[in-house]
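This one's a predicted model, so the numbers in the text were calculated from it and none came from an experiment. Only heavy atoms go into these numbers, but all of them, side chains included; no hydrogens, no water, no symmetry mates. So you know, we letter chains A, B, ... as the sequences are listed, proteins then strands, and number each from 1.
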Protein chains: 2
Amino acid sequence: MRFHSPSIQYFHAVRRTGSIRAAARLLNVASSAVSRQILKLEQEVGSPLFERNARGLTLTTVGEMLARHVMNVLQDLDRFRSDVASLSGAWHGTVSIACIESITESVLPDLIASHRTRARRVSFTAEIMGSSDVLEALRRGEADIGIAIALRHPPDLRQVALKRFRLGALVAREHPLARRKTVTLEQCLAFPVIQALPELSIYHLLQPLIAQLSETPEPAIQANSIDLMRELAARGVGVAFQTQLGIGRLSRDAQLVFLPLDNAGSPVWSDLGIYVRAERTLPAFTESFLQELVRELGERERRENAAYPQGA
Amino acid sequence: MRFHSPSIQYFHAVRRTGSIRAAARLLNVASSAVSRQILKLEQEVGSPLFERNARGLTLTTVGEMLARHVMNVLQDLDRFRSDVASLSGAWHGTVSIACIESITESVLPDLIASHRTRARRVSFTAEIMGSSDVLEALRRGEADIGIAIALRHPPDLRQVALKRFRLGALVAREHPLARRKTVTLEQCLAFPVIQALPELSIYHLLQPLIAQLSETPEPAIQANSIDLMRELAARGVGVAFQTQLGIGRLSRDAQLVFLPLDNAGSPVWSDLGIYVRAERTLPAFTESFLQELVRELGERERRENAAYPQGA
DNA sequence: CATGTTGCTGCCGTTTCGGCAACGGCTATA
DNA sequence: TATAGCCGTTGCCGAAACGGCAGCAACATG
């Protein structure tokens with residue numbers, strides 16, 4: 001089922017690998033064949049598509065436009081294929097997810113497991129990365145569904161849903177703060193804190209608030225792993241900050257206490273966005289999972305905001 | 001700039017013409033070439049795409065799926081082309097509009113004229129048809145932008161905007177009703193009325209209301225042309241019904257009087273929807289016109305609802 | 001300076017494509 | 001019922017496109 005010119009597939013491979021010879025290896029063809037198809041494309045478009053650097057190729061402006069078109073075509077071809085397949089009862093395919101670490105503790109594994117019991121022939125690929133990398137992976141067509149902290153999102157992505165979760169402090173049960181119901185940032189900064197490195201978006205949420213307080217926080221630990229920060233907090237090393245999403249099980253085991261964070265009298269929110277490439281129609285099985293994901297995250301949002309009602 | 005397999009272009013032509021030989025004539029190639037490409041496609045998809053009837057071809061279910069994919073590809077190719085062209089300063093192309101008759105009196109010509117003064121190299125194609133045909137033309141890729149009465153719209157179309165306009169009675173200046181500020185359906189039915197035929201969507205708006213009144217309206221004239229109905233009303237033949245959109249100029253010439261219609265104490269609305277094919281990104285110049293269209297219709301909606309404030 | 005890698009280009013066999021003519025199936029009309 | 005016209009399909013053959021091989025110059029790396 002390959003009814004598109006080789007040129008666009010070759011172009012796509014060259015764009016991904018950044019090299020004609022590498023693309024040729026990927027496609028199991030001679031590099032000359034790839035080179036010629038690219039030259040032919042450039043002749044037909046009437047403008048160079050790549051800048052030839054000494055070490056590989058880079059897209060020109062026109063090249064990026066074509067890359068966008070080619071991605072639309074190939075992704076839609078993919079959807080067509082799965083549509084045809086599902087017509088003969090074969091409901092299968094792979095859903096590829098790019099997401100931040102927060103949801104790997106319970107949301108994502110729960111959802112995937114539950115989805116697999118109903119649709120056993122749908123596979124999953126999940127990759128953890130930073131928020132901005134999630135958006136980039138979507139834009140490059142390397143993932144179908146993206147979950148990231150909702151900052152500004154580029155116009156070529158579609159924000160399917162936006163759920164807000166309350167940011168809180170995470171402390172061990174024996175911690176002096178553990179008996180409080182809520183906690184302010186100032187109170188936390190009196191203790192050693194486990195800070196997020198700039199690669200985590202929690203950093204960008206908290207840093208402005210900390211800067212406002214103009215108190216230099218007690219030197220503590222910096223990490224770029226939600227998991228690590230949680231484990232450190234559980235051992236009483238300090239105060240960590242995250243949403244309750246990532247600590248469903250651990251807090252039930254009662255080693256950890258989650259304290260909703262207040263700042264200037266109002267909660268601190270962390271906005272979680274679900275994203276999809278805008279110029280694209282998803283295959284049916286991907287769309288189905290996406291709906292469940294939105295529903296589930298909405299459910300969590302509702303539950304948590306009920307547990308910790310609005311305001312201090 | 002033809003970097004897609006001939007197969008999909010041939011398929012597209014066959015789908016539109018419903019015949020291999022006709023498609024061949026359209027494409028200036030031998031019919032055998034077209035036939036072979038279709039057969040090859042069917043072999044690669046693994047399922048027939050057309051049903052061979054005695055008189056031409058009809059799409060199968062799989063064929064319709066492929067048609068959708070092919071249309072996505074070709075429309076996106078079109079957008080890519082215009083994107084590349086606009087990069088070298090050439091902002092040109094054709095915007096194709098399918099719309100109902102109501103807006104041909106002033107909205108559409110005003111907009112097109114105004115747009116042409118700014119973007120002189122953008123051409124327009126406008127075709128008048130019934131509301132359901134508008135949606136069908138969009139779905140078949142025969143128009144870029146559709147304007148129709150907003151009933152239920154199929155999921156493969158995107159409703160860009162929805163504007164509501166007040167339905168009213170149209171009478172000559174000398175008509176007994178002409179001195180009123182508003183008018184009810186019952187009052188109108190006491191006089192000869194100019195009824196819309198079922199092909200016009202006004203029919204489907206008014207017929208249920210008329211049926212409720214259970215008075216047989218005085219036999220009068222039925223027509224399927226907004227223009228004709230307006231001219232008839234101007235000559236005092238009877239009461240016509242339409243929105244104020246179509247009578248901007250005539251009512252200023254004071255031959256006609258527009259009386260907002262009330263039914264059971266509340267206004268009767270006519271919802272105008274602007275539609276675009278969902279799985280598609282518009283070329284920049286088309287998108288630009290679309291924005292102006294939405295803005296202008298929104299402006300009219302605001303003005304008219306200010307002129308005839310809510311309620312009786 | 002040697003070595004490896006890059007993209008590109010003749011040369012040539014293979015595959016694909018398109019035009020021509022003919023065939024069988026069907027409809028409409030006389 | 002016979003015939004003319006249109007339909008999609010198929011064999012044949014020349015033309016165009018494609019891909020593999022080997023070799024080129026340009027550049028980076030050591």
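Partner of A:Leu228 under the side chain to side chain contact (heavy atoms under 4.5 Å, CB included) criterion, out of A:Leu232, A:Asn224, A:Ile226: A:Leu232 alone.
Inter-residue side-chain proximity for B:Leu57 and B:Arg52 is flagged as met; some heavy-atom pair is nearer than 4.5 Å. Residues A:Tyr10 and A:Leu27 are in side-chain contact: their nearest non-hydrogen atoms beyond the backbone lie under 4.5 Å apart. Put simply, the side chain of B:Asp144 does not reach to within 4.5 Å of the side chain of B:Ile97, judged on heavy atoms. The side-chain heavy atoms of B:Leu135 and B:Leu151, taken from C-beta on, include no pair separated by under 4.5 Å.
Once you apply a 4.0 Å limit to the heavy atoms of chain A, the touched nucleotides of DNA chain D run 5' to 3' over D:dC18 to D:dA28.
Centroid-to-centroid, the aromatic rings of B:His4 and B:His12 stay 6.0 Å apart or farther.
Checking C:dG7, C:dC17, C:dG19 against the side-chain heavy atoms of B:Lys40 singles out C:dC17 as nearest. Checking C:dC11, C:dA22, C:dG18 against every side-chain atom of B:Gln37, the shortest atom distance belongs to C:dG18.
Using cut-offs of 30° and 60° on the angle between ring planes, the pair B:Phe50 and B:Phe11 is tilted.
Note on B:Ile38: nothing from the nucleic acid sits closer than 4.0 angstrom, heavy atoms only. Backbone-only engagement by A:Leu39 is indicated by non-hydrogen atom pairs under 4.0 Å involving sugar-phosphate atoms exclusively.
Where A:Pro6 and B:Asn53 meet DNA chain D, the nucleotide closest to each residue was compared, and B:Asn53 sits on the side nearer the 5' end. In terms of position on DNA chain D, the residue among A:Ala54 and A:Val34 whose nearest nucleotide sits closer to the 5' end is A:Val34.
Rounding to whole angstrom units, CD1 of residue B:Ile20 and P of C:dG18 are separated by 13 Å. Whole-Å rounding puts the B:Arg21 CZ to C:dA21 P distance at 13 Å. Atom C1' of nucleotide C:dT6 and atom CZ of A:Arg25 are separated by 10 Å, given to the nearest angstrom. Protein atom OH of B:Tyr10 is 7 Å distant from nucleotide atom C1' of C:dG18, rounded to whole Å.
Phosphate proximity of C:dG18 to B:Ser32: absent, as no side-chain N or O sits under 4.0 Å from OP1 or OP2.
Between the side chain of B:Arg36 and the base of C:dG19, at least one donor-acceptor pair of N or O atoms lies under 3.5 Å.
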